[in-house]
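This report refers to the structure that appears directly beneath it.
Being a predicted model, the structure only gives us computed values, none of them experimental.
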Amino acid sequence: MSKEILESKKKIVDEIKSKYKDAKSVIFVNYKGINVAQDTKLRKDFREKSVEYKIYKNRLIKIALDELGIKDYDPTFLEGSTSVAFGKDEVGAASVLFNTMKDVKCLEAKFGIINGEVVDSAKIEALSKIPSKEVLIAQLLCMLNAPVSQLARTLDAIAKKEA
């Protein structure tokens with residue numbers, strides 16, 4: 001193997017490790033059978049959720065995971081076609097993937113790493129059903145605001161009765 005090829009592979013391994021360190025969730029996807037239009041839409045949806053999505057060689061993924069000390073996954077998951085989604089939050093990548101999987105039956109979540117913990121596809125699917133952080137904050141604010149609003153309406157009704 002030439003020195004240039006070896007150096008380019010080392011750069012790719014370093015890229016994978018760097019993206020892993022910056023991500024809160026990493027999902028490994030079997031994309032075999034997806035067509036160009038479906039892939040384009042998937043990539044667009046990932047970008048909208050600030051998720052980086054790339055295809056890497058399984059061998060380079062394995063080297064990167066080994067160098068990161070991650071060994072709790074089934075090595076058979078790194079066979080066949082593998083793409084990787086690096087999410088800046090825990091649920092963004094999972095929700096995009098599983099929403100797309102409803103229409104694109106050939107996509108499959110192999111496994112993931114969420115906040116450093118290796119998880120199976122069932123846990124990734126469960127994460128995909130959790131609303132985004134912004135939605136959860138809005139729901140919390142509505143719940144906190146409801147008693148104050150009810151109190152204001154009650155006091156207003158009492159004031160109108162006495163007038």
Side-chain angles (χ1 to χ4, degrees), residues 14-56 61 64-65 67-74 77-78 80-163:
D14 289 341
E15 174 185 316
I16 294 169
K17 291 177 1 185
S18 172
K19 288 180 187 234
Y20 169 81
K21 288 176 182 175
D22 293 339
K24 289 189 177 181
S25 66
V26 181
I27 300 175
F28 299 87
V29 181
N30 179 356
Y31 65 92
K32 185 176 174 132
I34 191 170
N35 66 36
V36 174
Q38 293 167 333
D39 185 58
T40 302
K41 182 180 180 327
L42 176 64
R43 288 175 186 273
K44 177 183 172 281
D45 293 345
F46 275 138
R47 272 192 306 275
E48 288 174 358
K49 292 282 188 175
S50 299
V51 175
E52 288 190 58
Y53 178 72
K54 279 194 99 168
I55 297 170
Y56 293 107
I61 294 171
L65 291 176
E67 288 181 9
L68 289 165
I70 299 166
K71 301 191 186 297
D72 301 347
Y73 63 93
D74 182 351
F77 286 145
L78 291 179
S81 305
T82 306
S83 57
V84 187
F86 299 93
K88 296 199 184 310
D89 65 14
E90 290 82 358
V91 298
S95 65
V96 169
L97 179 63
F98 277 87
N99 283 338
T100 303
M101 285 172 53
K102 292 174 187 172
D103 299 326
V104 183
K105 303 297 183 199
C106 61
L107 280 177
E108 170 190 19
K110 293 182 173 188
F111 73 102
I113 304 170
I114 311 297
N115 290 327
E117 178 187 346
V118 176
V119 297
D120 61 6
S121 62
K123 287 187 181 177
I124 297 169
E125 183 176 11
L127 272 175
S128 74
K129 296 175 181 171
I130 296 173
S132 69
K133 182 178 180 180
E134 293 79 17
V135 171
L136 289 173
I137 289 171
Q139 290 174 345
L140 176 64
L141 291 175
C142 285
M143 288 173 38
L144 293 174
N145 193 29
V148 174
S149 298
Q150 183 63 38
L151 177 63
R153 284 191 293 275
T154 303
L155 292 175
D156 185 51
I158 292 171
K160 285 181 181 177
K161 261 187 183 177
E162 292 177 0

To the nearest 0.5 angstrom, please state how far the [atom1] atom of [X] sits from the [atom2] atom of [Y].
X	Y	atom1	atom2	answer
Asn35	Lys41	CG	NZ	12.5 Å
Ile34	Glu108	CD1	CD	13.0 Å
Leu42	Leu97	CG	CG	7.0 Å
Asn30	Ser83	CG	OG	8.0 Å
Lys17	Asp22	NZ	CG	13.0 Å
Ser128	Lys123	OG	NZ	14.5 Å

Which atoms form the tightest heavy-atom contact between [X] and [Y], and what is the distance?
X	Y	result
Tyr31	Ile55	OH-CG2, 3.5 Å
Asp72	Val118	O-CG1, 3.7 Å
Leu127	Ala94	CB-CB, 4.3 Å
Gly87	Val51	CA-CG2, 4.2 Å
Val26	Ala23	CG2-CB, 4.0 Å
Ile124	Gly112	CD1-N, 3.5 Å

### Message
Please check: side-chain N/O of Thr154 versus main-chain N/O of Gln150, any donor-acceptor pairing under 3.5 Å?
### Response
yes
### Flag, side chain of Glu67 to backbone of Ala64, donor-acceptor distance under 3.5 Å
no
### Counterpart residues, side chain to side chain contact (heavy atoms under 4.5 Å, CB included), relative to Glu90 (two or more places apart)
Lys24, Ile114, Asn115
Residues that [X] engages under ring pair (Phe, Tyr, Trp, His ring centres under 6.0 Å), provided they are two or more places apart:
X	answer
Tyr53	Phe46
Tyr20	none
Phe98	none
Phe28	Phe111

### Query
Who pairs with Glu15 by side chain to side chain donor-acceptor pair (under 3.5 Å), at least two apart in sequence or on another chain?
Lys54, Tyr56
### Message
Let's go through Val84 and Ile16 carefully: what are the C-alpha distance in whole Å and the side-chain angles of both, what is the deciding distance for side-chain contact (heavy atoms from CB on, under 4.5 Å) to 0.1 Å, and is it a yes or a no?
### Response
CA-CA 9 Å; Val84 187; Ile16 294 169; over 6 Å; no
### Task
Any chance you could lay out the side-chain contact (heavy atoms from CB on, under 4.5 Å) test for Val96 and Thr100, step after step, and finish with the verdict?
CA-CA 6 Å; Val96 169; Thr100 303; 4.2 Å; yes
### Query
Just checking, any donor-acceptor pair under 3.5 angstrom between side chains of Lys110 and Ser121?
no
### Task
For residues Leu65 and Ile113, determine if any side-chain heavy atom of one lies less than 4.5 Å from a side-chain heavy atom of the other.
yes
#### Entry: NZ (Lys71) with more than 12 external heavy atoms under 6.0 Å
yes
### Message
Any carboxylate oxygen within less than 4.0 angstrom of a Lys/Arg side-chain nitrogen, looking at Asp45 and Lys49?
### Response
no
